[in-house]
Q: 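Dropping the structure in here first, questions after.
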Amino acid sequence: MTDTGPTRTLVIEREMPHPPEKIWRALTEGKLIEEWLMTNDFQPEVGHRFSFRAMPVKNWNGVIECEVLVVEPHARLVYRWGALGLESAVTWTLTRTEGGTHVRMEQSGFASEEGANYKGAKYGWQKFIGNMERVVGGLE
Amino acid sequence: MQAVTDNVFKALADPTRRAIFEHLSRDGEQTVHALTHRAGVSQPAVSKHLGVLKRARLVRCRHAGRETHYSAQPQALAPLVDWMSVYGAFWRDRFDQLENLLKRMDP
């Protein structure tokens, strides 16, 4: 990702009244991930390629291609998140606190890879996210 | 939509173009001459940068006599802002679901 656009970062942080070990399970066990995020074939192994799958819609197969980049049990998890030619990295950081855990999610590097710009050209990002949200919402 | 967004990202990836865009946003319409004076690069370089900004719809130009005047079109940034806010909403909702799951899980 060189010279393809400014890096943008989205950060969401929350204090959760649960120990890091428990939150780590929810972030790394496929069945549990599915309950709050999406169906997946995640494995907590660096280099493991996996995908999140939402329901396919017109011009988008519903697949988010990912790769595990960092696994530090109970502390830090990073995966590449790529869909429709847009690449980003999702970083989870767990910090133990007196009452539980400080959970931080950072998604950064919203730039497109050269040559992949028009992979999903007919499919707007807002529509993509909107659909993903609706699909995930429908699973509950 | 995505092609437009990509163009905006690329246009603003370059610091000189960012400076030109910020300058136009802050101080209003400018001629190429005035922009060249401020930018500290050659006029052909400034014109090239303006061309990239124009294709991304970040600036608009009008010709008056022998001068070309450029002005900023900050609404071109809307797709990025909206996209970020929509993604933010997505993750906040996922955080809620994660917390619901944690409540259901054994300690």
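Below, chains carry the letters A, B, ... as their sequence lines are ordered, and counting in each starts from 1.
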Q: Which atoms of Asn100(B) come close to chain A, meaning under 4.5 Å heavy atom to heavy atom: side chain ones, backbone ones, both, or neither?
A: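 For Asn100(B), neither part sits under 4.5 Å from chain A.
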
Q: Are any of the side-chain nitrogens in Arg80(A) or Glu65(A) under 4.0 Å away from the carboxylate oxygens of its partner?
A: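 Looking at Arg80(A) and Glu65(A), the cut-off is not met.
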
Q: Are any non-hydrogen side-chain atoms of Tyr70(B) and Phe21(B) less than 4.5 angstrom apart?
A: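 The answer is no, as the side chains (C-beta and beyond) never meet within the 4.5 Å cut-off.
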
Q: Relative to chain A, which segment of Leu101(B) carries a heavy atom at a distance below 4.5 Å: side chain, backbone, both, or neither?
A: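 Interface part for Leu101(B): side chain.
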
Q: Which atoms of Val11(A) come close to chain B, meaning under 4.5 Å heavy atom to heavy atom: side chain ones, backbone ones, both, or neither?
A: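 No part of it gets close to chain B.
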
Q: Using a strict threshold of under 4.0 Å (side-chain N to carboxylate O), is an ion pair present between Asp14(B) and Lys48(B)?
A: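 So Lys48(B) does not pair with Asp14(B) through a salt bridge.
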
Q: Looking only at the side chains, is there a donor atom on one of Thr31(B) and His69(B) sitting less than 3.5 Å from an acceptor on the other?
A: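 Side chains of Thr31(B) and His69(B): no pair found under 3.5 Å.
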
Q: Take Gln107(A) and Ser88(A) through the side-chain hydrogen bond (donor to acceptor under 3.5 Å, both in side chains) test and state the conclusion after the steps.
A: CA-CA 6 Å; Gln107(A) 189 172 19; Ser88(A) 62; 3.0 Å; yes

Q: Pull out the residues in residues 17-24 of chain A that come under 4.5 Å of chain B, heavy atom to heavy atom, sorted by number.
A: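 The stretch touches chain B at His18(A), Lys22(A), Ile23(A).
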
Q: Just checking, is any N or O donor in the side chain of Glu106(A) or Thr91(A) under 3.5 Å from an acceptor N or O on the other one?
A: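 Looking only at side-chain atoms, Thr91(A) and Glu106(A) do not form any donor-acceptor pair under 3.5 Å.
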
Q: In terms of heavy-atom proximity below 4.5 Å to chain B, should Leu32(A) be classed as side chain, backbone, both, or neither?
A: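 Both backbone and side chain.
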
Q: If we ignore angles and hydrogens, is there a donor and acceptor under 3.5 Å between the side chains of His33(B) and Glu67(B)?
A: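 A pair is found: one side chain offers a donor N or O, the other an acceptor, under 3.5 Å apart.
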
Q: Checking side-chain polar atoms at under 3.5 Å, does His102(A) have a donor or acceptor matched by the opposite partner on Glu15(A)?
A: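 On atom types as modelled, these side chains qualify, holding a pair under 3.5 Å.
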
